[in-house]
> 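Here's a structure for you.
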Amino acid sequence: MGKKKTKELNLETRVLAEVAWEVCNQVGGIYTVIRSKAPVMVKKWDKNYLLLGPNIHPNVSADFEPILDADNAIAQVVRDLRAMGWDVQFGTWLVSGRPQTVLFNPHSVMGQLGNIKYYYWQNHHIEFANYDPLMDQVMAFGFMVHEFLSRFARVCLDQNQELLAHFHEWMAGTAIPDIRREQIPIKTIFTTHATLLGRYLAMNDPYFYDHLPFMNWETEAKNFNVDTIARIERACAHGANVLTTVSEVTAKECVHLLGRSPDAILPNGLNIERFSVLHEVQNLHHKYKDQINNFVMGHFFQSYTFDLDKVMYFFTSGRFEFKNKGYDLTLEALARLNHKMKEQNIDMTVVMFFVTKQPFYSINQEVLTSRAMLEEIENNCESIMEQVKDRLFHAAATNSDHRLPELNELVDDYWRLRYRRTIQSWKSDKLPSVVTHNLMDDANDQILTFLRQANLLNYRTDKVKIVYHPDFISSTNPLFGMEYGQFVRGCHLGIFPSYYEPWGYTPVECLARGVSAVTSDLSGFGDYVKKLPMGNEEHGIYMIERENQDYHSAAEQLSEKLLEYVKSSRKKRIQTRNKAEDLSEEFDWKNLVKHYDEAYDLACQKFPIEK
Ligand code: G6P
Ligand code: 1S3
């Protein structure tokens, strides 16, 4: 093991294994936590840092490189497990920081699943009554992790090293109760990134926060038919030496729904990289806004046009949790904004993008065709330009009089007609669609239902236009052809007034790209940022109060904030772009990793290993 010394951590005697279901397996936000943190962890812990994850992602080989000739203690334990017929691989996760990683294929121990569940029931009184293939994978993975860590702990003990194991969320934590029961010499830390019941209750109870202190977890777990998971989550929370969560907001849920106060809060960070040239953030905004302009022209301009120099791009993004992520409030505020902008005769247009994931059949054919035709018009323009350029050059070199020729005459009739015909067949009387894809459940979709009821359907007279894109954005996507991060840079404002959000990465991702963001005091991030000196509108943060305000007042507050933003000057937006980036540095892992160090110190102090 490496021999690095730091003041805070006694690293030569500590080894850290971080376990998460999302190592080499992107599902949601925990992936971002582990991946973005890897560079600082590797820098600090060097070879004493190790990640453990499941080998289940179909594309895992693109992200993971096995180390076949490794000769350290980790590799030795992995070899021993492989000798038992288990599919375990030791290698490097090919992300920034290149952390050492062990991947366990749960299918290789599925033959033992009956026993795994039986002993879990016998030892921890947790029943697995319902068939759940995901739960089977989770239990098999936990069994493998437990075996690996038990063996690795022995090696560490022999080498006078303390082994810490940090488990993220219940799906990675099923080894904890056995580690505790068997008194294996490992300091365990469990981080919950949400509580299962909290998520369900918030979605279903409009007074969730008022009712939270009086909830009975057992009754609610039965109501939602999630009894097994709720029990596993509690067993992880109670079995770990140190319990942590990502925000003060979720800490309250831990108290009431898990029955234990967290010992520490570990806020989520990002790997913030600033450009050495100050204006780069402005240039990139300009560049990617142009690309969004192209999409907007393709989508709207066949029906009617508006001034692209007076347009604002707003967006929200994330998993489709209509109420939890505040989509309901955002829609209500947009309808009000539309009305206010019309009433006040404001000479601006807002285009609002909903970027989320809902089941769909395909991209709407009309949307695709319109986009393709705009490209055809662009190609025509380029051909005409080429022709004019060549002929003009020729005329300049050969004509004896030095006057500019009549440019129209330099274009062939063929191109004139083709130009005209393409534009004519592109123009249409139809309204631009509010949704870009054919949804599987169009009739009951909550966003579409709201838009239809509010009659917010992209009429020419609407000041607020909607583009609902029920798929995540990636560079291979034919409508935008850009990465999500580039899309964010091209926008003006991200809107995330969540009702339930343990942390919420989306607004931090905006700030890191110089984009302003709306957050709420019920999100972990919002609650954290409002206590920072820079956490204000000057630095691009707009706070919606949802804790002590009803839905309609919050919607009104949001619509007023949006209106204020629409009226802001370009000069102010340029200034805010730089300041938002300044604020984002608060969320650099280099600053936030200290909370992890404190949790590890606490685990070691609380439970010194007896030698
Ligand atoms: C960047 C560019 C400027 C552009 C501005 C538009 O700062 O460098 O050239 O005018 O963005 O900002 P806006 O908020 O109006 O999109
Ligand atoms: C959770 O993912 P989610 O979107 O289900 O974990 C994330 C990482 O800690 C957190 O940012 C988010 O708020 C939680 O809800």
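Just follow the structure's listing: the first ligand is 1, and inside any ligand the first atom is 1.
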> Any non-hydrogen atom of Ala194 lying under 4.0 Å from ligand 2?
no
> To check your reading of the model: name the closest protein heavy atom to atom 3 (P) of ligand 2, its residue, and the distance in Å.
Arg319 NH2, 3.3 Å
> With a heavy-atom distance limit of 4.0 Å, tell me whether Asn268 approaches ligand 2 through its side chain, its backbone, both, or neither.
side chain
> Distance to 0.1 Å, residue and atom name: give those for the protein heavy atom nearest to atom 6 (O) of ligand 2.
His193 CB, 3.6 Å
> In this structure, is the centre-to-centre distance between the rings of Tyr499 and Phe208 below 6.0 Å?
no
> Do ligand 1 and Gln282 have nitrogen or oxygen atoms that lie under 3.5 Å from each other?
yes
> How does Glu321 reach ligand 2, by side chain, by backbone, by both or by neither, if only non-hydrogen atoms under 4.0 Å count?
neither
> Out of Arg577, Lys572, Lys287, His492, who is nearest to atom 12 (O) of ligand 1 when you count heavy atoms only?
Arg577
> Backbone or side chain, does any N or O of Gly504 fall under 3.5 Å from an N or O of ligand 2?
yes
> Ring centroids only, cut at 6.0 angstrom: are Phe496 and Phe525 within range, meaning strictly under it?
no
> Please state which protein non-hydrogen atom is closest to atom 2 (O) of ligand 2 and give its distance, to 0.1 Å?
Gly29 N, 4.2 Å
> Could you go through the side-chain contact (heavy atoms from CB on, under 4.5 Å) check for Tyr468 and Leu439 one step at a time?
CA-CA 11 Å; Tyr468 171 20; Leu439 291 177; 3.9 Å; yes
> Run through Thr316, Thr436, Val435, Ile495 and flag the one making a side chain to side chain contact (heavy atoms under 4.5 Å, CB included) with Phe354.
Thr316
> Considering only heavy atoms of Lys289, which atoms of ligand 1 have at least one such atom less than 4.0 Å away?
13 (P), 15 (O), 16 (O)
> Ring centroid separation for Phe167 and Phe190, is it under 6.0 angstrom?
no
> Suppose we call two aromatic rings close when their centres sit under 6.0 Å apart. Are Phe480 and Phe353 close by that rule?
yes
> Nearest heavy atom to atom 3 (C) of ligand 1: which of Arg570, His286, Gln575 does it belong to?
His286
> Quick check on Pro502 - does any of its heavy atoms sit under 4.0 Å from an atom of ligand 2?
yes
> Starting from atom 4 (O) of ligand 2, locate the nearest protein heavy atom and write down its residue, its atom name and how far away it is, to 0.1 Å.
Lys325 NZ, 3.1 Å
> With no hydrogens and no angle check, just 3.5 Å: does a side-chain donor-acceptor pair link Thr191 and Thr244?
yes
> Number the atoms of ligand 1 from 1 as they appear, then name those within less than 4.0 Å of a heavy atom of Arg573, with their elements.
13 (P), 14 (O), 15 (O)
> Can a donor-acceptor pair be found, under 3.5 Å and without considering hydrogens, that links the side chain of Arg371 to the backbone of Leu479?
yes
> Decide whether the shortest distance between a heavy atom of His168 and an atom of ligand 2 is less than 4.0 Å.
no
> Could you list the atoms of ligand 1 found under 4.0 angstrom from a heavy atom of His285?
11 (O), 12 (O), 13 (P), 14 (O), 16 (O)
> Could you check whether any side-chain N or O of Thr519 sits under 3.5 Å from a backbone N or O of Met543, counting only pairs where one atom can act as donor and the other as acceptor?
no
> What residue and atom, counting heavy atoms only, is the protein's closest point to atom 13 (O) of ligand 2, and at what distance?
Glu501 OE2, 2.7 Å
> Salt-bridge test for Glu581 and Arg513: reply yes if a basic N is under 4.0 Å from a carboxylate O, no otherwise.
no
